[in-house]
Structures are given as structure tokens and as C-alpha cells.
Amino acid sequence: MGSEGTGFEGNFVIPALVLVTVGVVLTLRHFAAPDVSLAVRVQLALSWTLSLSILALVPADIAATASGDEKSRPTLATLWDLSYWITFNLTWFVLPLHQIYEDAGDFTVTGRLLTSLKENLIFYAVLLGVALLGVVGLTANGAMTLTGVTSFSIASATSFGIVAGIFLLGYGVVEVPRTIWRSANIQKRPIQAYRKVGEVAAALRIAHRQLLKITTASETTNEVMPRNHDLRWMMRVINAETPKSADIRGGSSTPNQETNQETHEDDDHGGEYEYDYDETSDMVSLRRALKRKTRVYRRTAAQYVVAVRAALEAEAVLNASGLGAGGLGDRGCLMSSSSEKRFRNPLRAARVGRLAATLETAEWWWRCRVAPIALRVSAVALGFFSILTVWGETFMWTTQTMDGVDVSPFSAMLRLARGNNTGMHVAVIVPLGYMCFCAMFSLFRLGMFSFYSLVPGGTDSFSLLLNASLTCRFAAPLSLNFLMMVSGSIHEMSTGETYRNTVLQNRLASNIPKFANTFNAVFPAFIAVFCGALLWKGFLDKILRAFLKRDDSERFKFTNEDDDDDRDVHVTDGKRACDRERSEMNATGSVGDVWHVGKSNPYFVDLGVGVACGITGAGADEDNRDAGVESRGLLTGRNDLGSRDDLESRAQRWERNKTRLANAVHRGAAGQTGLAGAGGALDSVFANLSGRR
């Protein structure tokens, strides 16, 4: 039986890792913006692959332990060690540094690394404080050894992950089924989509205003900075990354007086930037502010596109379903007769060919009839899984603290699959996958709209790295949490003579203090209270407001349309935005190159990829030839085109001519009084002239 299990585990692990790798690549292509660098993509692929590989190893570990296959344990132990310790270092050390490195505005690699280290000092100071407490505790117990330090690190990271993971899981098991159930309502779906459009449109307006202010500051600094200034090369880098304020101020196709008025009002209230350029820190601050405002605007614009497209499709589905449009737009998605059950997507060119009518009919049946039923069935099924998850988490402590008491429903599923390797893998991967999906769903819905969001095709490097860090942080604790939930059935099914725990449990649970294991088993019972607070509308928000300031409570609040105080305003604004977009689309008469989402929005500007790469949207025309600043060496203080060398040569010639003229004055005025300070006077004169150049 052991050899059979070994062969099967090898046959399972390798395809699972291949599927994980393929899924990571597809996810990265789906979310990453075109300007995300290769280094960030490689870092993300590594982080996500290793995190998900931990989840792929759990069913293989359980099956090997249950079947008594001790020959595969060394291989599993090696895979666990590689996955766990690499993700441990990624989430606590590498990714935080890489995240701030991408956000920094310094002009050299060394400068960006130093900025990242400085800004992570608080984070590392907290880690150092925890480490010092651990050293004191280990020393007091006489366990200050390499094994003791390793165990303390595992215990601290695992406990933190379980505590935070339970909150994420609790929100997910409530909100995932509820969100799917609501999306099945064809009649209410447009209203929900309008609210999202209105919310994002308001955020786009703010992001547009901030981007216009920083681009104006950049252009103004470029104009007032002397051409032969020592830091002029830095200004060229910033100038090549700056969109034209005239394009941003104009919005879509016509000048926007409202935008200009709002910008002037902001400046009158002290919202302007300082146009300092004398110090390197001034240029670094300007570049970083420009990168941040551009990043936020691009992300918000991408969210606006996604929201508008979803709203227009929701309108089309409602109109085609025959359930009553209620003034939600024309019936352009239908054929000439309303009785024909054929669907046309308003955002896609009309199908042509012999199968066009058949495909349109099939799409009508799917969108208007089958999909709503499938969504409701899925919501009920996932709701049932949510109940089982809360049940298993709530009574996990009985398995860990009371011998022979195992009431986990997932343990019962494993017992039913006993002796069937395929069934056992399914019994593990389905509930574990749902738990991880709920936790990740909560990470996306957490109130981080201002600085963290995943948008299809428009997610920046900062958001991607932050998501990778959080994924690495919670993968192993959630896996251990699941293993503790089903440990009773694993012990019961285990046929091995030596090992009755999985490899991961031996690595994470067997080497840490007993009180830490007890805490990790008891704390998940809190999920029942947390889910009850979520179901009781407003109760959790009152608790947060009681213990936190208003700004802090809003920051750590999960986004939910039921808690939108401006819901009616957002719905109205979103409806108007969709009406404008639809009118523009109908006036254009085609979908594609001629019309695009955002064309009717005065705050929507398609920055494209070129701005970040310095290809388009540069500031002054004289600096347009410096496109592709990083590839041309501007970030290291050198320029292959010779602009930097020209500046240095001009400065050297300037100083040399000053010296020659001063010497000539000294020689010609030899013996005369009052000329001893001629050199200093000339320096002052030339300095003034230099400032005017």
C-alpha cells in the first residue's frame, strides 16, 4: 500500500504544481498593468507559486500520512521546508523592501534601497521587539538554541497568521455566498452596477484633480529651474515621466472649465506644491509624488472602465430578459423583434456568419435564464460550505483538547473517503480551497481603496507586491488551521507505526510550545461571534468606532454596499455616467477603436503605457528626445545622448573661464589697491549670471 501511495502522490503533486504555475501565470497576465517591470513579475510569480504550492502539498501530506507511506515523508519534508521558509522570508523581509523600492522616487538603485530600508525601519523595529522578547523567554527557559529560535519564529508567525486569517475567513464565508446570491438578481444588478460606477467616478474625479496638481507642479519646476543647474538631469527624468497638464486639464475631447475652476480653488486653499529644486531630496519628493498620483489615477481609471462595462452589460441582460427595463436604456442588445430570444453584447461587435443567430440565442439562454439559476445554486452550495466551515472552526478546540472528540464535518468527509486516494484528495482540496478563496476575497474587499486594489489589466507594481506579501503571510497558517481541524480523522486513519501527524504539523505544531498550540486551537472558535456580528448589520462597525478613531475605523472596514452612506447619490451619478457613455457609443455607431469607455467623462484621460516609460506625454518639447529615461542611463546620472555630459562640460568651461578672467584681472591690476577682492566679486557676478541662464 505504501508503494502504491508513493506512486500516486508523485503523480498528484507534479500535475498540481504544474496547474498552480499555469494559474499564477494567467492571473499575473490578467491583473498586471502593461508597465509592470520584469523584476516585479518574476517576484510575483515566485511568491504566488510558492504560496499556492503549500496548499497543493496539503492533500498529498494527508494522503501519505493516512496510508502510512513513510517513504514519501522525506520528500514532503523537503518540499515543505523549501516552500515555508522561502515564503517566510519573502513576506517578512524581501517583499516589504521590494514594495517600497518600487514606490521610492530616488534616481539611483542605491538611493531607492536606502529609502526602502528607512521606511521599513518601523516594521522591522516591531519584529525586533518581538524577537527580543523571544530571546528573553528562551534564555530564561534555557532553550536559547538554533532549534529554540526556529520554533519561536514559527510560533509567532503562525499565531499571527491564524488570528488575522480567522477574521479574513469569517468575513469571506459570510460575504462570498451573499455576493453571488445578489448577482443572480437580474433586475437589481444594474442598480448595484450604477452604485459602483458612481463610487469610482467620484474617486476618479479626486484622482484627476490630484494628478493635475502634481503635473502642474512638475512643469512649473521644469520652467523655473536653470538650464545649467547641477540637478537638471534629475529634472529631465521627472519631465519625461510627467503627462502634459494641458491634456489632463482638457479631459476627454473638450476643455473642461469645471476642472480648471476646481484646480484653482484647491490652490487657493493651500493645496499647491512647493517648487523647490536646490536639493536632491526636493527632486526625489517631487518624483515620488508624481509616481504616486499617476499610479492612483491609472488604477482608478481602470476601475472606472471595468465598472462602466459591467453596468452596460447588466443593462443589456435586463433589457434582453424581458423582465422590464424600467428606463434603463434602449433595447439595442436585442434583435428587431422583442420576441426573439437573441442577445447582443453592446460592448462587442455584432456576430456575423451562419452561426451568428445560433450563438446569440445560446448566449441569451445562458445570460437570461441559466446563469441566474446557476448563481443561486452556487450561492446555496457555498452557503452550506460556509456553515460547515464555521462549525469546524468553532469546535476545533474539542479535537485538540479533548481526546476522542472530533465533531468536524471535514473530518467526516475524510473518513468517508478512506481507502480512496482520489476521494481523499477531493475531500481535502475542496474545503481547503474554499477557505483560502474566502480569505483572499476578504483581502480584496478590505477598505484599502485608496492605496491597494487589484484591477484587471491595470494593477500597478505596488498593489501586486502588497497582495503577494499578504498571500505568502496567510498560506501556511491557513493550511495548519485546516490540518488541526481534521487532525482527529488523520490520527484515526493513520496506519503508520511511527508517524501519526502530517509533515506540516510536525514542522509547525510539534516544535512550538504547548500553550501556542492551545491558543491556535481555541481562538478560531471566535469566528462564530465574528460572523454573527457581520450578519447583524452595523454591530461590527459600532465596535470599531468605539475602540478606534473614525479615520482608523474606516481604513480597517470591509467595503459593503449596504454601508454606503451616499448610496442614492452614487446610484444617480452612476446612472448618468452610463447614460453619457451609452449616448457616446450610439453616436459613434461602433465599438472598438472609434469609441472607448471614458470618452464622455471629462475626468478620464488615457495615459497609456508611454507615460511611465517616458515615450509620450513628456513635459517640455526640448526634453522629448530623452524618452526611455531608464534605458538611456538617466537614472544613474549619465545619458547616452550626451545631455548630462554636455551639462558637465558647460559647467567646467564656465568655471575655467571664470578662473582665467580672474587671473587676468589680477595680473592687469598688479600693484593697484582695492583689487584684492576682485576674484570674490567675480565669483558673485558669475553666480548671478549663472542663475539667469
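Values below: every heavy atom of this structure, side chains too, minus hydrogens, waters and symmetry copies. All of these numbers come straight from a predicted model, not from anything done at the bench.
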>> Could you report the tightest heavy-atom contact between K196 and A307, atom names first, then the distance?
In response: CG-CB, 4.0 Å
>> Looking at every non-hydrogen atom in both residues, tell me the closest pair between L465 and L44 and how far apart they are.
In response: N-CD2, 3.9 Å
> Taking the side chain from R41 and the backbone from V36, do they hold a donor-acceptor pair closer than 3.5 Å?
Replying inline: yes
> Would R348 and E363 pass as an ion pair if we require N to O under 4.0 Å?
Replying inline: yes
> Considering only heavy atoms from C-beta outward, does the side chain of L454 approach that of Q303 to under 4.5 Å?
Replying inline: no
> Got V428 and H425 here, is their nearest side-chain heavy-atom distance under 4.5 Å?
Replying inline: no
> Hey, are the side chains of M440 and N467 touching, using non-hydrogen atoms and a 4.5 Å cut-off?
Replying inline: no
> How long is the span from the OG atom in S321 to the CD atom in Q187, to the nearest 0.5 Å?
Replying inline: 7.0 Å
>> Show the nearest heavy-atom pair for residues N345 and R367, with the distance to one decimal.
In response: ND2-NH2, 3.7 Å
> Which one of V377, I180, I387 satisfies the side chain to side chain contact (heavy atoms under 4.5 Å, CB included) criterion with L382?
Replying inline: I180
> Where is the tightest heavy-atom contact between S83 and L50, given as atom of each residue plus distance?
Replying inline: CB-O, 4.3 Å
> Going by atom types only, do E393 and N481 share a side-chain donor-acceptor pair under 3.5 Å?
Replying inline: yes
> Do S469 and R473 get their side chains close enough for a donor-acceptor pair, meaning under 3.5 Å?
Replying inline: yes
> Can you find a pair of side-chain heavy atoms, one from M413 and one from M424, that are under 4.5 Å apart?
Replying inline: no
> To the nearest 0.5 Å, what is the distance between CZ (F441) and OH (Y171)?
Replying inline: 6.0 Å
> Looking only at heavy atoms, what is the nearest atom pair of F474 and G165, with distance?
Replying inline: CE2-N, 3.8 Å
> Do L312 and V308 come within less than 4.5 Å of each other through their side chains, counting heavy atoms only?
Replying inline: yes
>> Strictly distance-based, threshold 3.5 Å: is any side-chain N or O of T179 a donor or acceptor partner for the main-chain N or O of E175?
In response: yes
>> Between E199 and R195, does any NZ, NE, NH1 or NH2 come within less than 4.0 Å of an OD or OE carboxylate oxygen?
In response: yes
> Would you call the rings of F88 and W85 parallel, tilted or perpendicular, where under 30° means parallel and over 60° means perpendicular?
Replying inline: perpendicular
>> Strictly below 4.0 Å, N to O, side chains only: are R298 and D35 in salt-bridge contact?
In response: yes
>> Can you tell me how far apart CG (L82) and OG (S53) are? Round to the nearest 0.5 Å.
In response: 9.0 Å
> Taking the six-membered ring for Trp, are F385 and F410 parallel (under 30°), tilted (30 to 60°) or perpendicular (over 60°)?
Replying inline: parallel
>> Quick check for you: to the nearest 0.5 Å, what is the distance between C368 atom SG and F343 atom CZ?
In response: 6.5 Å
> What are the two closest heavy atoms between G170 and L534, and how far apart are they?
Replying inline: O-CD1, 3.7 Å
> Going from OG on S47 to CG on L464, what distance comes out if it is rounded to the nearest 0.5 angstrom?
Replying inline: 11.0 Å
>> Whether the S489 and D406 side chains hold a donor-acceptor pair (N or O, under 3.5 Å, no angle test) is what I'd like checked.
In response: no
>> With no hydrogens and no angle check, just 3.5 Å: does a side-chain donor-acceptor pair link R189 and S183?
In response: no
> Is F437 close to V173 at the side-chain level, that is, under 4.5 Å between some pair of heavy atoms?
Replying inline: no
> Distance from L169 atom CG to F530 atom CZ, nearest 0.5 Å?
Replying inline: 9.5 Å
> Taking atom CH2 of W391 as the centre, does the number of heavy atoms from other residues, nucleotides or ligands within less than 6.0 Å exceed 12?
Replying inline: no
